[in-house]
Amino acid sequence: MRLNDENDEEEGPKTMSHCSIGHLQQEKSFVIVGYALTSKKVESFLKPKLEGLARNKGILFVAIDQNRPLSDQGPFDIVLHKLTGKEWRQILEEYRRTHPEVTVLDPPDAIQHLHNRQSMLQCVADMNLSDTYGKVGVPRQLVIKRDSSSIPDAVTKAGLILPLVAKPLVADGSAKSHELSLAYDEYSLQKLEPPLVLQEFVNHGGVLFKVYIVGEAIKVVRRFSLPDVTKRELSKNAGVFRFPRVSCAAASADDADLDPSVAELPPRPLLERLAKELRRRLGLRLFNLDIIREHGRRDHFYVIDINYFPGYGKMPGYEHIFTDFLLSLVQSRYKKRSV
Ligand SMILES: Nc1ncnc2c1ncn2[C@@H]1O[C@H](COP(=O)(O)OP(=O)(O)OP(=O)(O)O)[C@@H](O)[C@H]1O
Ligand SMILES: O=P(O)(O)O[C@H]1[C@H](OP(=O)(O)O)[C@@H](OP(=O)(O)O)[C@@H](O)[C@@H](O)[C@@H]1OP(=O)(O)O
Ligand SMILES: [Mg+2]
Ligand SMILES: [Mg+2]
């Protein structure tokens with residue numbers, strides 16, 4: 001097989017036999033990364049440029065066949081995955097137990113923590129991060145498990161201030177889990193189906209920051225978000241309004257002509273502290289955070305969402321960052337073994 005050939009960059013993923021992978025791993029000291037991803041994720045993440053660069057750095061991506069036992073495949077150095085379902089989680093847990101030498105990105109139970117919008121933000125709330133660079137919190141929120149008729153009372157008791165963002169409690173990546181609404185009055189929330197999280201809407205100038213984390217690397221981009229809701233609008237409107245996935249749109253707000261007080265990125269040292277602490281508390285290496293700055297309060301930030309293995313394909317320069325990260329994992333394992 002030709003290695004390090006630039007023409008190889010355009011080729012698609014390889015399916016290889018157990019024997020030939022083992023040969024590559026030993027003879028050429030290739031790092032073999034098995035991946036179990038949806039076809040949507042393969043398309044957005046495993047682009048030819050990533051595969052080509054990876055190959056030049058000695059990394060090979062190999063598709064995991066979900067119809068065959070995982071232990072019969074590979075051998076892998078790293079397993080990269082984002083699939084849902086209890087069965088898959090059990091397969092991975094068993095594999096981690098029987099193959100401690102393989103780095104599974106990331107542990108299924110740690111990922112599970114992000115599949116609930118209450119536990120997702122708990123770590124940020126517990127951290128209570130506040131230093132000279134700013135303050136990072138989470139919006140006040142209330143969980144409604146059942147009985148939508150109890151919502152108006154529950155909102156009043158909790159003292160939540162309108163408008164509220166209603167989010168499905170479960171954030172498992174299904175289309176339904178991304179169906180969010182903005183509520184101008186608490187009575188209309190009775191129309192929605194629990195379980196949900198009701199979160200105070202924080203005015204933030206219509207721009208949010210997506211903070212991508214890949215191991216120790218951090219990259220921040222701006223995205224358009226929901227516009228501010230004025231007091232006048234709030235008094236004139238009632239009802240709940242479904243809104244589309246604004247921040248997920250491919251169009252970035254990085255080149256837009258924005259008010260500098262809105263566009264200014266959160267201070268780097270603050271993000272570094274936040275990312276480091278979250279990596280530790282969540283036990284994850286691949287995730288992103290949606291952060292907003294309260295409009296008019298330069299150093300007041302809120303984390304509103306955390307996503308596991310997000311759309312790295314939209315993160316500038318992800319090919320280099322990701323491949324360096326994969327290599328660093330293998331090197332640190334090697335160092336540990338030789339101590
Ligand atoms: N508390 C809030 N205050 C203001 N805007 C909010 C708030 N919560 C959510 N939003 C807006 O709604 C959008 C979607 O919310 P959120 O990120 O929680 O949903 P999601 O479906 O998990 O998104 P993603 O596609 O990033 O996973 C945010 O990107 C932001 O524009
Ligand atoms: O591709 P996937 O199915 O993983 O979709 C993820 C999506 O990536 P994509 O933009 O490539 O679709 C992410 O976008 P960015 O935050 O990075 O903009 C984010 O919306 C995640 O929440 C999604 O994961 P889910 O919450 O649905 O599991
Ligand atoms: Mg989000
Ligand atoms: Mg999300």
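Every number for a ligand or one of its atoms is a count from 1 in the order of the listing. Worth saying up front: this structure is predicted, and the values here are computed from it rather than measured.
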(message) Checking Glu186 now: which residues fulfil salt bridge (charged side-chain N to carboxylate O under 4.0 Å, His left out) with it, not counting sequence neighbours?
(response) none

(request) Identify, with sequence neighbours excluded, every residue that meets side-chain contact (heavy atoms from CB on, under 4.5 Å) alongside Thr38. (result) Lys40, Lys41, Leu83

(request) Pull up every protein N/O/S atom sitting under 2.8 Å from the Mg ion (ligand 4), skipping waters. (result) Asp305 OD1, Asp305 OD2, Asn307 OD1

(request) Answer side chain, backbone, both or neither: which part of Lys40 comes under 4.0 Å from ligand 2, heavy atoms only. (result) side chain

(request) Provide the number and element of each atom of ligand 1 under 4.0 Å from a heavy atom of Lys210. (result) 26 (O)

(request) Mind checking the OH-OG spacing from Tyr187 to Ser149? Nearest 0.5 Å is all I need. (result) 12.5 Å

(message) List ligand 2 atoms under 4.0 Å from Pro310, heavy atoms only on the residue side.
(response) 17 (O)

(message) Other members of the hydrophobic cluster containing Leu169, with the 4.5 Å side-chain heavy-atom rule, please.
(response) Val143, Val197

(request) Using a strict 4.0 Å cut-off to heavy atoms of Ile292, name the atoms of ligand 1 that fall inside it. (result) 3 (N), 4 (C)

(request) Would you mind listing which atoms of ligand 1 come within a distance below 4.0 Å of any non-hydrogen atom of Ser225? (result) 30 (C), 31 (O)

(request) Could you list the atoms of ligand 2 found under 4.0 angstrom from a heavy atom of Ser44? (result) 11 (O)

(request) Would you kindly specify which portion of Asn203 sits under 4.0 Å from ligand 1, judged on non-hydrogen atoms: side chain, backbone, both or neither? (result) neither

